**Q** 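Dropping the structure in here first, questions after.
Not measured: the values here are computed from a predicted model. Just follow the structure's listing: the first ligand is 1, and inside any ligand the first atom is 1.
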Amino acid sequence: MKDAPTLAEAVAEVGREMAAHRGEGRVADYIPALARVDPNRFGLAVITVDGETAEFGDAWVPFSIQSISKVFTLALALERVGEGLWTRVGREPSGSRFNSIVQLEAEGGVPRNPFINAGAIVTTDAVLDSRTPEVAIAEIRDFLRRLSGVETIDIDAEVARSEAETGFRNASLANFLRAFGNLKSPVADVLETYFSQCAIRITCRQLARAGLFLAREGLDPLNGARVLSPEHARRINAIMMTCGHYDASGEFAFQVGLPGKSGVGGGILTIVPDRAAVAVWSPGLNEVGNSQVGTLALERLAAKMGWSVF
Ligand code: GLN
């Protein structure tokens with residue numbers, strides 16, 4: 001039997017295997033500024049709890065974090081309001097598209113989970129906490145800077161503007177939530193904060209590093225800083241597993257077997273509890289809105305490394 005590959009070998013093998021798939025999927029074009037991204041990009045970065053790293057391809061090229069930001073906003077919202085957050089947002093998979101509005105009416109303005117757009121708009125409102133968007137946006141950005149150790153992480157103003165100009169569906173969701181009394185701040189403030197957090201530019205390398213605390217129950221294993229309580233970290237992983245890929249969350253759990261969160265920029269952050277954090281980026285999306293090649297790369301990497309929570 002062949003020996004199990006080292007991390008470096010597995011990452012290099014996956015990178016080579018993905019060459020045949022480059023460009024697959026469709027780049028998100030409903031946000032005009034995202035439509036211009038080169039579909040042939042592919043980056044992969046792994047960082048282990050011992051600080052070992054392995055990278056492939058465009059691991060150092062910044063991309064739009066989009067919905068992966070929802071993981072970090074949820075962490076901040078839980079720290080700010082604690083368990084009370086769960087009266088405003090649920091934790092069940094939605095079985096619908098990420099920007100769906102139908103469930104919200106039937107379920108009285110309480111979104112199914114914090115990773116669909118409606119739910120993230122509520123967690124963003126919780127972080128905003130009646131402050132100004134500038135303060136909340138800086139808090140979210142600084143959280144990512146602190147976690148990644150990279151002071152230059154910032155918001156892509158063009159992407160934020162592009163989404164603000166075309167984000168009628170998110171505006172509908174926010175107005176709907178407000179009508180149900182589930183937003184405290186003005187709709188315009190919540191949307192400005194939401195669009196800005198989605199427009200953060202980050203590389204695979206920085207994203208994997210930023211997510212590493214989730215592999216160690218809320219403790220940053222490389223600098224010993226307590227980022228989040230173990231309870232909250234465990235819950236974020238649970239919701240990543242059950243809701244992180246929208247209507248394909250079951251498929252991701254089946255194929256990859258790890259908590260993960262995707263974004264329409266083509267990135268995916270995946271947590272290997274007690275071992276590592278992995279970030280992958282390939283802009284082409286499948287029909288559900290998750291990175292097509294990124295998902296395949298994670299499937300292959302998890303299989304080669306024997307990683308699974310099951
Ligand atoms: N900013 C995007 C939106 O609100 C995020 C969606 C996503 O990444 N799935 O539509």
**Q** Using distance alone, decide if ligand 1 has a nitrogen or oxygen within less than 3.5 Å of any nitrogen or oxygen in Lys70.
**A** no
**Q** Please walk me through it: do Val49 and Leu222 pass side-chain contact (heavy atoms from CB on, under 4.5 Å)?
**A** CA-CA 7 Å; Val49 295; Leu222 301 186; over 6 Å; no
**Q** Please report which non-hydrogen protein atom sits nearest to atom 7 (C) of ligand 1, along with the residue it belongs to and the distance in Å to one decimal place.
**A** Ser67 OG, 2.5 Å
**Q** Show your reasoning for whether side chain to side chain donor-acceptor pair (under 3.5 Å) applies to Glu55 and Trp60.
**A** CA-CA 9 Å; Glu55 283 141 27; Trp60 293 79; 2.8 Å; yes
**Q** So, applying salt bridge (Lys or Arg N to Asp or Glu O under 4.0 Å) with Asp125, which one of Arg88, Arg131, Arg80, Lys184 is it?
**A**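 Between Asp125 and the candidates, salt bridge (Lys or Arg N to Asp or Glu O under 4.0 Å) is satisfied uniquely by Arg88.
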**Q** If the test is side chain to side chain donor-acceptor pair (under 3.5 Å), which one of Thr123, Asn117, Asn113 qualifies with Lys70?
**A**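 By the side chain to side chain donor-acceptor pair (under 3.5 Å) criterion, Lys70 pairs with just one of Thr123, Asn117, Asn113: Asn117.
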**Q** Please report which non-hydrogen protein atom sits nearest to atom 10 (O) of ligand 1, along with the residue it belongs to and the distance in Å to one decimal place.
**A** Tyr30 OH, 2.5 Å
**Q** Does the pair Arg41 and Trp281 meet the rule for a side-chain contact (heavy atoms from CB on, under 4.5 Å), with working shown?
**A** CA-CA 7 Å; Arg41 294 289 197 174; Trp281 172 49; 3.5 Å; yes
**Q** What atoms in ligand 1 come closer than 4.0 Å to a heavy atom of Asn170?
**A** 3 (C), 4 (O), 10 (O)
**Q** Contact between Tyr194 and ligand 1, counting heavy atoms under 4.0 Å?
**A** yes
**Q** Does ligand 1 have a heavy atom under 4.0 Å from the side chain of Val264, from its backbone, from both, or from neither?
**A** both
**Q** How does Phe195 reach ligand 1, if at all, at less than 4.0 Å between non-hydrogen atoms: by side chain, backbone, both, or neither?
**A**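 Under 4.0 Å from ligand 1, Phe195 contributes no heavy atoms.
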**Q** Distance-only, no hydrogens or angles: does the Arg112 side chain make a donor-acceptor pair with backbone N or O of Gly95 under 3.5 Å?
**A** no
**Q** Taking side chain as C-beta onward, heavy atoms only, is Val288 less than 4.5 Å from His245?
**A** no
**Q** Quick test: of every protein heavy atom, which one is nearest to atom 3 (C) of ligand 1, and how far off is it to 0.1 Å?
**A**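 Here the closest protein heavy atom is Glu163 OE2, 3.1 Å.
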**Q** Please state whether Asn99 comes within less than 4.0 angstrom of ligand 1, counting heavy atoms only.
**A**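 Distance cut 4.0 Å: Asn99 fails for ligand 1.
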**Q** Would you mind checking which non-hydrogen protein atom is closest to atom 2 (C) of ligand 1, with the distance to 0.1 Å?
**A** Gln66 OE1, 3.0 Å
**Q** Under a 4.0 angstrom heavy-atom cut-off, which atoms of ligand 1 come close to Tyr246?
**A**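 Heavy-atom distances to Tyr246 below 4.0 Å select 7 (C), 9 (N).
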**Q** Quick one: look at Cys198 and ligand 1, take heavy-atom pairs under 4.0 Å, and tell me if it's side chain, backbone, both or neither.
**A** side chain
**Q** If you count the atoms of ligand 1 from 1 in the order shown, which ones are under 4.0 Å from a heavy atom of Gly263?
**A**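 Heavy-atom distances to Gly263 below 4.0 Å select 8 (O).
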**Q** I'd like to know if the side chain of Lys261 and the backbone of Gly244 have a donor-acceptor N/O pair within less than 3.5 Å.
**A**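 Between the backbone of Gly244 and the side chain of Lys261 there is a qualifying donor-acceptor contact (under 3.5 Å).
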**Q** Does only the side chain of Arg169 get under 4.0 Å from ligand 1, or the backbone, or both, or neither? Count heavy atoms.
**A**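 Neither part.
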**Q** Going by the angle between their ring planes, with limits at 30° and 60°, are Tyr30 and Phe98 parallel, tilted or perpendicular?
**A**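 Rings of Tyr30 and Phe98: tilted, 30 to 60°.
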**Q** Quick check against the 3.5 Å criterion: does Asp156 have a side-chain atom that pairs as donor or acceptor with the backbone of Glu158?
**A** yes
**Q** Mind checking whether Ile68 contacts ligand 1 via backbone (N, CA, C, O), side chain (CB onward), both or neither, at a 4.0 Å heavy-atom cut-off?
**A** neither
